[in-house]
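Written out below as structure tokens is the structure these notes cover.
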Amino acid sequence: MGIELNVAGVCRAPTEDFLDQVGAWLRTGPAGARIGWTATSAPFRKSVEISGDRLLAVLHPAAEPVDLRAAHGQVVVSAGCASAGPGYHRHVAAVLHEMGRRFDIVWDEGTEDPLGLADDRAEVERDYLVWIRTLARTVLTEVPAEGAWVSIGLSLGSDRFDHDGLAASWLGPRDRDWFQAVSDGNEAAARAFFPWWDDGWTAPTMRNTAMGIIWNDVRWRAPTDADDTPALHQADALLAEAHRLDAALDLPWAAWHELRSLLADSAPIAAGAPADLPARAAADRPAQLGYRRRAVRTTPVSGWSLRIPGDFTYGWDGDRWWAWDGTRQIEITILRVGDAKTGPPPAAMLQYGANATAGHRGEPVIGGPGDGWWLPAEDGDEVGVQGIASHRNGELLLVTISVPGSQLGWAIEVWRSLEYGGD
């Protein structure tokens, strides 16, 4: 259980477009200066999303969205803060305080300080130190050895990253020694888990936020289209601003130089980097930052996971999930008939898929989660792998993996990596 900020209030002058007004204010108002994240562990998640009586706002990429629900003048807010830190916690409280002033919301009427704005900063920090120490002791007790995939502070639905530590965190993998140090009360080690420790949008917070984006979101290849650039731009801009505010602050010089090199040929780079960045990068030889330098296991469809290269960009287009790196492409199209209760069983869905694809198949491919075959081109050469799979009533997946001819072995590996793990 993490640390949350939960508060309810009454809007004394509600309007029909209340949530739309709040969303616009968050995107453009002074209190929403940090709104604008698009690079998150959930790819291309919008900064502010409104659906019905619910608004979700991403105030920091390490944190789950702030969840605001409003109906008939009643406003309820829940914000998970544990993974971002005490500075973020106090930032959310300040945003909600300003929101109350702007939209005439009375938070927890009758409570002297419903948002905890008067709480002693040291007391808030202690809460976070106790939380991470308790978590460290739990991991040490329940995770006996490295090898099992464990994450702390990553959002639900995050990709599963390959790494050499005991657990993945937003600011990189953590080994058993780190967990032991936190468990033993090492405050410096504990604070290193949180990207936003200080009050305010400080240079260290900017650096840490950039490093989290570098670890989780940067694809380590030259961008091929606009979908590839948000993480690169955000990390670059944050590091440049951190350096402007504090020229003595240590930064990830090698990773910064590398990502600017990736941007250089296709998009503008931020002003403010030191002139000797290449030299600083050459002298900076830590372990390479970035989970996406290795393969990841992602969840294209609920219940299903797929192992793909970490530098693939992916997302949804209607009922089609896509992933690509500029030359290789994966598409998963979902066909639904009825629902989980009324739809045909998986065997019937597979038979339907077999009938629909008859006459368009190459030689069968052995292995995988369903019925797979070579995808022939018009000239007869194989250009990839296609297959169908079903494990739920009324649901059929059509998987198409398109590659250059020299990559056919890789296409088979991807098809065979598709697994159903249940809901």
Side-chain angles (χ1 to χ4, degrees), residues 42-46 157 159-160 219 224-228 295-378 381-405 407-423:
F44 313 125
R45 182 171 58 190
K46 295 178 181 177
D159 290 340
R160 295 182 58 166
R219 274 66 173 169
T224 54
D225 60 26
D227 289 335
D228 294 332
V296 302
R297 181 162 284 278
T298 192
T299 305
V301 182
S302 175
W304 292 88
S305 69
L306 181 72
R307 186 174 174 82
I308 62 174
D311 64 359
F312 266 47
T313 303
Y314 54 88
W316 279 93
D317 180 11
D319 62 354
R320 179 182 70 96
W321 181 87
W322 56 266
W324 83 313
D325 64 354
T327 57
R328 300 172 293 182
Q329 181 163 318
I330 306 166
E331 294 185 10
I332 300 179
T333 302
I334 305 174
L335 172 68
R336 290 190 172 93
V337 178
D339 56 32
K341 292 183 179 180
T342 64
M349 294 299 295
L350 286 170
Q351 185 59 55
Y352 173 84
N355 294 339
T357 56
H360 303 282
R361 299 184 176 208
E363 293 297 315
V365 170
I366 306 301
D371 187 8
W373 57 90
W374 290 114
L375 183 64
E378 291 183 1
D381 291 336
E382 289 89 1
V383 293
V385 171
Q386 195 167 54
I388 52 176
S390 179
H391 270 275
R392 282 191 289 241
N393 290 351
E395 181 182 89
L396 180 72
L397 274 59
L398 173 64
V399 182
T400 304
I401 305 165
S402 304
V403 295
Q407 298 281 314
L408 290 173
W410 175 85
I412 294 177
E413 290 179 8
V414 172
W415 164 246
R416 291 173 177 168
S417 78
L418 182 63
E419 296 177 354
Y420 181 74
D423 296 317

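It should be emphasised that the depicted structure is a prediction, and the values quoted were computed from it without experimental measurement.
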Practice task
Work out which heavy atom in V296 is nearest to a heavy atom in D159; give both atom names and the distance.
Solution key: CG2-OD2, 4.1 Å
Completion exercise
Residues at least two apart in sequence or cross-chain that pass salt bridge (charged side-chain N to carboxylate O under 4.0 Å, His left out) with R320, listed by chain then number, are D317, E331
Handout entry: Least distance between heavy atoms, N393 atom then A340 atom
Key = ND2-O, 3.1 Å
Exercise for the section: Could I get the full list of ring pair (Phe, Tyr, Trp, His ring centres under 6.0 Å) partners for W304, not counting sequence neighbours? Expected result: H391, Y420
Fill in the blank from the handout: Between the CD1 atom in I332 and the CG atom in L397, the distance rounded to the nearest 0.5 Å is 5.5 Å
Exercise for the section: Work out which heavy atom in P369 is nearest to a heavy atom in A389; give both atom names and the distance. Expected result: O-CB, 4.1 Å
Problem - Of all pairs that satisfy side-chain hydrogen bond (donor to acceptor under 3.5 Å, both in side chains), the ones with a partner from residues 407-416, not counting sequence neighbours - result: R328-Q407
Handout entry: Any donor-acceptor pair under 3.5 Å from R219 side chain to F312 backbone
Key = yes
Exercise for the section: Quick one: closest heavy-atom pair of V365 and W373, and the distance? Expected result: CG2-C, 3.6 Å
Handout entry: Residues Y352, V337; criterion side-chain contact (heavy atoms from CB on, under 4.5 Å); working and verdict
Key = CA-CA 11 Å; Y352 173 84; V337 178; 5.9 Å; no
Exercise for the section: Taking all heavy atoms of G326 and all of T224, pick out the closest pair and write down the distance. Expected result: CA-CG2, 3.9 Å
Completion exercise
Heavy-atom nearest pair, T342 first then D339, reads N-OD1, 2.7 Å
Handout entry: Among L306, I330, V301, the one residue meeting side chain to side chain contact (heavy atoms under 4.5 Å, CB included) with L418
Key = L306
Exercise for the section: Report yes if some heavy atom in the side chain of I412 is under 4.5 Å from a heavy atom in the side chain of W374; otherwise report no. Expected result: yes
Handout entry: Value rounded to 0.5 Å, distance of CG in L398 from CG in L335
Key = 9.0 Å
Fill in the blank from the handout: Separation between CD (E395) and CE (M349), nearest 0.5 Å, reads 8.0 Å
Handout entry: Spatial distance of atom CD1 (I334) from atom CG (D319) [nearest 0.5 Å]
Key = 7.0 Å
Exercise for the section: Could you list the residues that satisfy side chain to side chain donor-acceptor pair (under 3.5 Å) with Q351, not counting sequence neighbours? Expected result: N355
Problem - Residues forming a side chain to side chain donor-acceptor pair (under 3.5 Å) with S305, sequence neighbours excluded - result: R297
Handout entry: Approximate separation, where rounding is to 0.5 Å, of W324 CH2 and D228 CG
Key = 7.5 Å
Completion exercise
Residue set satisfying salt bridge (charged side-chain N to carboxylate O under 4.0 Å, His left out) with D311, at least two apart, ordered chain then number -> none
